[in-house]
Amino acid sequence: MLSVAAGLVPGSVMAQDSGPKLTIGGTTYTKYLWGNQRDQGALYNFSTVPGEGYGDNGIGTELELLLNAKISPQVEVNGRIHSRFNQNFWTNFGGFGGNAAGPCIAGDCGEFDPRSNQYIKLRGMSVTLRPGYLIDSALIGATDLGQFDPFVIGRVRYIDRDNAAAIMVQGSNLDRKITWDAARISLPRLWAGPGFSTGAFHARDAAYGFQAKYTPTEMFDVGGIFQYANDQEVRAEDTNLDDGRDLTPRYRNGVGGLKAGLHMGSWLDVRAAAYTSYSNADPILTPKSFGVGGYSAVLAGHHTDQTYMLNASLNDPLDVGLSLNFQLFSIGSDYVAVMASRREADVLLTEGHDGSFAFPGPSNASYGSYSGNPTRIGYGGWSSESQQVATINVDNDFTDFDEPFAETAIGWKGATANPVYTNGALEVGGEYSFITYNTNWQAYGSADKALGDSQYPGTELDSGVGHNYRTAYQPFQDKKTHLIALRAKYVVDVLKGIDVFGKFKYIHENDKRMNDPRFLPYQQGACGGGIAACDNSLVNEYSAGNSTSGLYGNPNVITNSQGDSGYQFKPFDNLADDDRVLDYTTFTAGAGYQFTDDLYLSASYSKFFADLLDGNTAFQAYGNHEMASGKHNKNQILVKARYILSGVEFGLEGQYAFGTFRPDFGDGYVVQYADDTIAADHKVAVGSRGFTGRNGGWNSLEERNFDHMRVKAFMKAQF
């Protein structure tokens, strides 16, 4: 790359202002991670990508060279040569050694794998053309897609922001009253389709986008956007190679949107948008269904749906410092935009759930009722508030605990009001949101199908304290959410001024889940109580041949080590067995001070209370996750620092999270006591109380105490 650029810019020409110019800059970024989880899989706190690893300990450095070549007033070349952290720890000592035959975790592949050999990679390469006629510009190469719409085509960061590659043309007419963009974007083969794949033949797979905006006056604008994604495979039936081979569609996705804005000076701004989507996955070339809790970036089968948004902002209309932001929204349950923003966008006004509880288990563990499934992000979770994105293909991979946290908003509908008051050094903001869901249904909204024949990927499914960030679907849902928040900050006129800030947040969430007795797994009386075995022949069918008994099987009668006999867990014989009620309260108070022109320090304390009923042992968090019913009491201390020294920036965030979880799983079963095997597999004390679920996992009944410390520090030098 450097040799090519040097060839483009001869030394005798570079000195001339009118000739080509090559500018080389860059950034070096060193990160330090320390935490008491003692994980060293990679230099990121979190990843779900197999083989990529995650960790909270280690030091690593990456280098980014930024290249800009202005060949002429009409042609500009940009590129980046970038190393990545991945597993490039300082302790790799340059990346030598390693085991090429083993899995690459914690840098043990050494020089044999780019994840641990300090590789340099070409990224962000693009050529921009400005011919001066017909169009304003054309870009060929890498782009972050940020000029489009996060509901349709948006930022899709995957390690780097500009991984997308496109041919993009921009233009304008009528003195820029009309602007437009057109693009052909190569589909990311790693995730942009059913089952997180675009299939075997990916070289021709692409999304095509077009948007236009008309602004006749400063007070009004109207526009539209369209995207069509086409994932194709080689037609297997075409065996005649003499005339080439035909292609057949694997997955197609079309999204169209209309948008309008009314801008009444500085005091009123109103924006409205409506979108419709079409998603069609071939039932032969892609999964026909995902069962209960399957994984995919898009739905199976054929779906259409709509999304509607209305935003209004009143900017201090009474001239007293009080402004109001308001939003109405409805995101369809079957709305699919494969190129919508996966993170780095926030499509809703509400601050949503907290990243502090982002996975089903009390310690943020997914599938934590089974051995070998510890939490990845840790008990502290992410320390940031959440951002909502209009896709189930949410991406929080390759993040640290201090980075923004994204959650899916597919299926959400409701309203948010956000008043903001400012008066001198005081700023106070509030929020009330009411959210109900287009995914409120029974048996996925289709009672004539088996639960295992679902076209909706449930992912982690919706259990636990928070909102499992990429879970939009569960088989039974009847859910409502109320969210109240109050935020304030004030500059105390002492010394140079002390920043004081605080926050209060309350969420009440109620989900009846199954609300029709015809969906109960067995007929009344199938389990008679006491030590009588359940009659599993009394299956209850909600439609011909379909029953929930495959998901909620009856318990066995067992005798525990104390000689007590009864059911292994409560039979699912009541609609209340899977009810979820959450009362979630958090408080934050903190202060910051600019000690010098270069140094700023802040400290804060947060308290989280969660009183949760999340079903009993009959429901047992779908049988796959740690149950979280009970009382959660979490504390979080954060210390932040920022120091600037002549072009070098230092930053630090340290967190100490500690708290307790007191489980309450109801009654109707016999308590079991951990034997040596259970104790070893689940890291609990021998003889501690719990129960084994219908799928074999273990849930402890003992109070749990958490103590989680972690630090992230960095040095960033630009040159």
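Just so you know, these numbers use all the heavy atoms, side chains as well, and skip hydrogens, waters and symmetry mates.
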* Is the closest side-chain donor-acceptor distance between Tyr251 and Ser279 under 3.5 Å? -> yes
* Do you see a donor-acceptor pair shorter than 3.5 Å between the side chains of Glu541 and Ser543? -> no
* **Least distance between heavy atoms, Pro457 atom then Ser296 atom** => CB-N, 3.7 Å
* Asked: Do Asp334 and Tyr456 get their side chains close enough for a donor-acceptor pair, meaning under 3.5 Å?
  -> yes
* Lys/Arg N to Asp/Glu carboxylate O, Arg580 vs Glu509, below 4.0 Å -> yes
* Asked: Would a 4.5 Å heavy-atom cut-off, applied to side chains only, mark Leu190 and Phe196 as touching?
  -> no
* Salt bridge Arg250-Asp231, side-chain N to carboxylate O under 4.0 Å -> yes
* State, with a plain yes or no, whether a side-chain heavy atom of Asn616 is found less than 4.5 Å away from one of Tyr669. => no
* Take atom CG in Asp667; do more than 12 heavy atoms of anything else shown fall under 6.0 Å from it? -> no
* Is a side-chain N or O of Gln227 found less than 3.5 angstrom from the main chain of Gly254, in a donor-acceptor match? -> no
* Relative to each other, are the rings of Trp698 and His682 parallel, tilted or perpendicular (30° and 60° limits)? -> tilted
* How about Glu460 and His625: does a side-chain donor come under 3.5 Å of a side-chain acceptor? -> no
* Can you check whether Ile435 reaches Leu483 side chain to side chain, under 4.5 Å on heavy atoms? -> no
* Quick one: do the Asn396 and Thr399 side chains pair a donor with an acceptor below 3.5 Å? -> no
* Closest non-hydrogen atom pair between Ala409 and Leu348, with its separation -> CB-CD1, 3.8 Å
* Any luck finding a side-chain donor-acceptor pair between Trp191 and Ser197 under 3.5 Å? -> no
* Side-chain contact test, heavy atoms from C-beta onward, threshold under 4.5 Å: evaluate it for Val222 versus Lys259 and give yes or no. => no
* Check: Gln568/Thr692 side-chain N/O donor and acceptor closer than 3.5 Å -> yes
* **Minimum-distance pair of heavy atoms, taken over all atoms of Leu187 and Thr198** => CB-CG2, 4.3 Å
* Asked: Is there a donor-acceptor pair under 3.5 Å between the side chain of Arg470 and the backbone N or O of Val394?
  -> no
* Asked: For Phe476, which of Tyr444, Phe519, Trp441 qualifies under ring pair (Phe, Tyr, Trp, His ring centres under 6.0 Å)?
  -> Phe519
* Is there a donor-acceptor contact under 3.5 Å linking the side chains of Ser186 and Arg184? -> yes
* Kindly assign one of parallel, tilted or perpendicular to the pair Phe357 and Phe608, based on the angle between their ring planes and the thresholds 30° and 60°. => perpendicular
* Asked: If only atom types and distance count, is the side chain of Asp577 paired as donor or acceptor with the main-chain N or O of Asn574 below 3.5 Å?
  -> yes
* Above 12 or not: heavy atoms from other molecules or residues under 6.0 Å from CD1 of Ile531? -> no
* Roughly how far, to the nearest 0.5 Å, is CG of Asp516 from CG of Asp478? -> 11.0 Å
* Tell me, do His303 and Tyr335 make a side-chain contact under 4.5 Å, heavy atoms counted? -> no
* Could you grab the distance from atom OG of Ser363 to atom NE2 of His632, nearest 0.5 Å is fine? => 10.5 Å
* Taking atom types as modelled and ignoring hydrogens, do the side chains of Gln327 and Asn311 form a donor-acceptor contact shorter than 3.5 angstrom? -> yes
* Are Phe46 and Trp382 close enough that their ring centres sit under 6.0 Å apart? -> yes
* Taking the six-membered ring for Trp and the full ring for Phe, Tyr or His, determine whether the centres of Tyr584 and Tyr506 are under 6.0 Å apart. => no
* Atom CZ of Arg518 with >12 non-hydrogen neighbours under 6.0 angstrom -> yes
* **Contacts of type side chain to side chain contact (heavy atoms under 4.5 Å, CB included), residue Ala274, not counting sequence neighbours** => Tyr308
* Asked: Is the centre of the Tyr469 ring less than 6.0 Å from the centre of the Phe359 ring?
  -> yes
* CG/Asn560 to OG/Ser565 distance, rounded to the nearest 0.5 angstrom? -> 7.5 Å
* To do: Return the minimal non-hydrogen interatomic distance between Ser356 and Asn364, and the atom names on each side.
  => O-ND2, 3.0 Å
* Can you measure from CG (Asn510) to NZ (Lys479) and round to the nearest 0.5 angstrom? => 10.5 Å
* Asked: Who pairs with Asn418 by side chain to side chain contact (heavy atoms under 4.5 Å, CB included), at least two apart in sequence or on another chain?
  -> Asn325, Leu349, Val420, Arg487
* **NZ/NE/NH1/NH2 to OD/OE distance under 4.0 Å, Asp395 and Arg343** => yes
* Asked: Among side-chain atoms of Glu626 and Tyr367, is any donor-acceptor pair under 3.5 angstrom?
  -> no
* Asked: Below 4.5 Å, heavy atoms only, C-beta onward: do Lys413 and Tyr437 meet side chain to side chain?
  -> no
* **Heavy-atom pair of closest approach, residues Asp535 and Tyr522** => O-CD2, 4.5 Å
* Please determine, by modelled atom types, if Gln232 and Thr248 share a side-chain donor-acceptor pair under 3.5 angstrom. => no
* May I ask you to decide whether Arg513 forms a salt bridge with Asp462, counting only side-chain N to carboxylate O separations under 4.0 Å? => no
* To do: Would you indicate whether the side-chain heavy atoms of Phe691 and Phe665 approach each other to under 4.5 Å?
  => yes
* Structure fact -> Of Val389, Asn393, Ile392, the one forming a side-chain contact (heavy atoms from CB on, under 4.5 Å) with Arg342 is Asn393
* To do: Report yes if the distance between the aromatic ring centroids of Phe405 and His467 is under 6.0 Å, otherwise no.
  => no
* salt bridge (charged side-chain N to carboxylate O under 4.0 Å, His left out) between Asp611 and Lys631, worked out -> CA-CA 5 Å; Asp611 190 352; Lys631 296 186 182 298; 2.9 Å; yes
* To do: Please lay out, stage by stage, how Ser47 and Glu52 fare under the test side-chain hydrogen bond (donor to acceptor under 3.5 Å, both in side chains).
  => CA-CA 7 Å; Ser47 178; Glu52 294 296 341; over 6 Å; no
* For the side chain of Thr471 and the backbone of Leu461, is there at least one donor-acceptor N/O pair under 3.5 Å apart? -> yes
* Asked: Going by distance alone, is a donor N or O of one side chain under 3.5 Å from an acceptor N or O of the other, for Thr239 and Glu237?
  -> no
* SB check Lys505 Glu351 (cutoff 4.0 Å) -> yes
* Asked: Using 4.0 Å as the upper bound for N to carboxylate O, is an ion pair formed by Asp579 and Lys512?
  -> no
* What residues form a ring-ring contact (aromatic ring centres under 6.0 Å, His included) with Tyr278, not counting sequence neighbours? -> His302
* To do: Measure the OG-CG distance between Ser330 and Leu310 for me, rounded to the nearest 0.5 Å.
  => 12.5 Å
* **Nearest heavy-atom neighbours spanning Met339 and Ala207** => CG-CB, 4.0 Å
* Does any non-hydrogen side-chain atom of Ile225 lie less than 4.5 Å from one of Phe210? -> no
